[in-house]
Amino acid sequence: MSNADIALMAHLMRRAGFGASRDELEQRVARGYENVVEDLVNPGSPNAMPDDVIRRYHVDMAEMRELNSAGAYWIYRMVTTDNPLEEKMALFWHSLFATGYSKLNQARALMNQIDTFRRHSMGSFHTMLVELSKDPAMIIWLDNNDNHKDDINENYGRELLELFSMGIGNYTEDDVKECARAFTGWTLGNAEYMATRASRDSIWPYSRIAWHFQYRDHDHDDGEKTFLGHTGNFNGEDIIDIIVQQEATARFVSTRLFQFFAADEVDAAGEAVIEQMMETYFASNYEIRSVLRTLFNSDYFKSEAARFARVKGPVELVVGAVRLAGTYQEPTFGADQLARYTLYMGQGIFQPPSVEGWHEGSEWIDSGALVERVNFVGKELGDPGNPGVKALIDRMSAGVKRPLSAEEQVDACADLLGPMELSSATRTSLSEFAGEQGEADLRAGSRTEADDQRIANLLRLLTATREYQLA
């Protein structure tokens, strides 16, 4: 198979997943690009680390009240899943529909929300918005439990339009109010437990209860409403019916997906792809799977210009490094530190800075975050004892007839970590470093631990380059 096929598949797996080893890339190339896209958008069994195994070794993850334990639980799934796009989409929705532990004080509710995102990640956007509107974490995060028939709270109605579906400029203040009226009565099922003793769904009668959704007809404003030019006795689902039909919604969703999977900045060529995605959105009855298929199969996405055009987000950087290093494949002491590392890099799981989520792209990189990024990945890939690192060096050593020069070491490492196109300045610096370490003799019978460490040291330095920080 050609290097071009490997490079294209590596690009797809960086964007639609968290990267892939060379063995995995070769298996997927043999399947064919379009077949792999279909595999990704139609995921099967995830074969991720089982819950009972995780809970046996991490009792803190059984109830998931604690923030970093819940974050690590999700990272375990990202690291071990056979369905990388399913988890990448859950991360996308978490970034778009940002909710946080700071207000909920309940990590289980947040994990339940991620489960919802995962189940509906590539289905109908209509269904996703309905499920989001019923989600207890979102109800509390945006105060819809305080949205009553005779005393509306506009928080959820406003953000549903502004941040979750249409964007500023496509609705009026009256539309916000009418939207809020339609979602009155959409609240929590056990919020009045202590007063009524009627709800016995939670083992906790107070404090960090595992809330569920309840619709209260007596608290719903069933009067006539006018929303985006439509008039009727609308309920919440009627509002969503109208929202998903809007061209502004198709553009909003397609643009956000493009920026998350294709490029941080939208140029003229990218705008043309977004137009195609919008057409697919309507033709497929708002199905996200079909929109993604259009994006991944587009000439723009497959072009060399689209490669390494996004800054890796902290979560995808951490998960990608761990998957490549082959660590945390089993319950591992200190797994909760993985969630802390993403926070130090600027993207704490379940800790968005605001309802807007995170500012992505180049804003991921500042002097403090970059140090954390470099140190974490360097630690994972600079240890030749890690299974994935050993596999990389084994792959590099296959068939070698003589010791590798500094330039050959750099080329081999860049190829197996990407393939990555290095700038002349980067290549020169890496070659100088490799030259100072000396030749690496990876021939069978000659290879030593010192040779393996030389390659691991070079991998560590390569992960600190600008090229590695891009996807």
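Between Y300 and F258, the ring planes lie tilted relative to each other; the angle falls in the 30° to 60° range. Using cut-offs of 30° and 60° for the angle between ring planes, the F97 and F164 rings count as perpendicular. Using the six-membered ring where Trp is involved, H58 and Y76 have ring planes that are tilted, between 30° and 60° apart.
Annotation: cation-pi geometry satisfied between K312 and Y468 (NZ/CZ under 6.0 angstrom from ring centroid, within 45° of ring axis). Taking the ring centre of F260 as origin, the terminal cationic atom of R310 falls inside the region bounded by 6.0 Å and 45° from the ring axis. A cation-pi arrangement is absent between R307 and F301, since the terminal nitrogen or guanidinium carbon is not both under 6.0 Å from the aromatic centre and inside a 45° cone about the axis.
Annotation: the span from L110 atom CG to M64 atom CE amounts to 10.5 Å, rounded to 0.5 Å. Put simply, CZ on F282 and CD on Q246 are 8.0 Å apart, with the number rounded to the nearest 0.5 Å. E247 CD to M166 CE: the interatomic distance, rounded to the nearest 0.5 Å, is 10.5 Å. Here the straight-line distance linking atom CG of L442 with atom CZ of R395 works out to 14.0 Å at 0.5 Å rounding.
Judged purely by atom type and a 3.5 angstrom limit, W74 has no side-chain atom pairing as donor or acceptor with the backbone of I114.
Using a 4.0 Å cut-off between charged nitrogen and carboxylate oxygen, D415 and R22 count as a salt-bridge pair. For the pair D336 and R340, the salt-bridge criterion is met [side-chain N within less than 4.0 Å of a carboxylate O]. Ion pairing of D394 with K390 is present here, as a side-chain N (NZ or NE/NH1/NH2) and a carboxylate O approach within less than 4.0 Å. Between R454 and E439 there is no salt bridge, since none of the side-chain N atoms of the basic residue sits less than 4.0 Å from a carboxylate O of the acidic one.
Between Y286 and Y281, the distance from one ring center to the other falls under 6.0 angstrom. Between F261 and F296, a ring centre-to-centre spacing shorter than 6.0 Å is recorded.
Heavy atoms of other residues, nucleotides or ligands lying less than 6.0 angstrom from CG of D52 number more than 12. Counted within 6.0 Å of CD on E304, heavy atoms from surrounding residues, nucleotides or ligands total 12 or fewer; the atom is thus considered open. The neighbour count for E275 CD, taken as heavy atoms of other residues, nucleotides or ligands under 6.0 Å away, is above 12.
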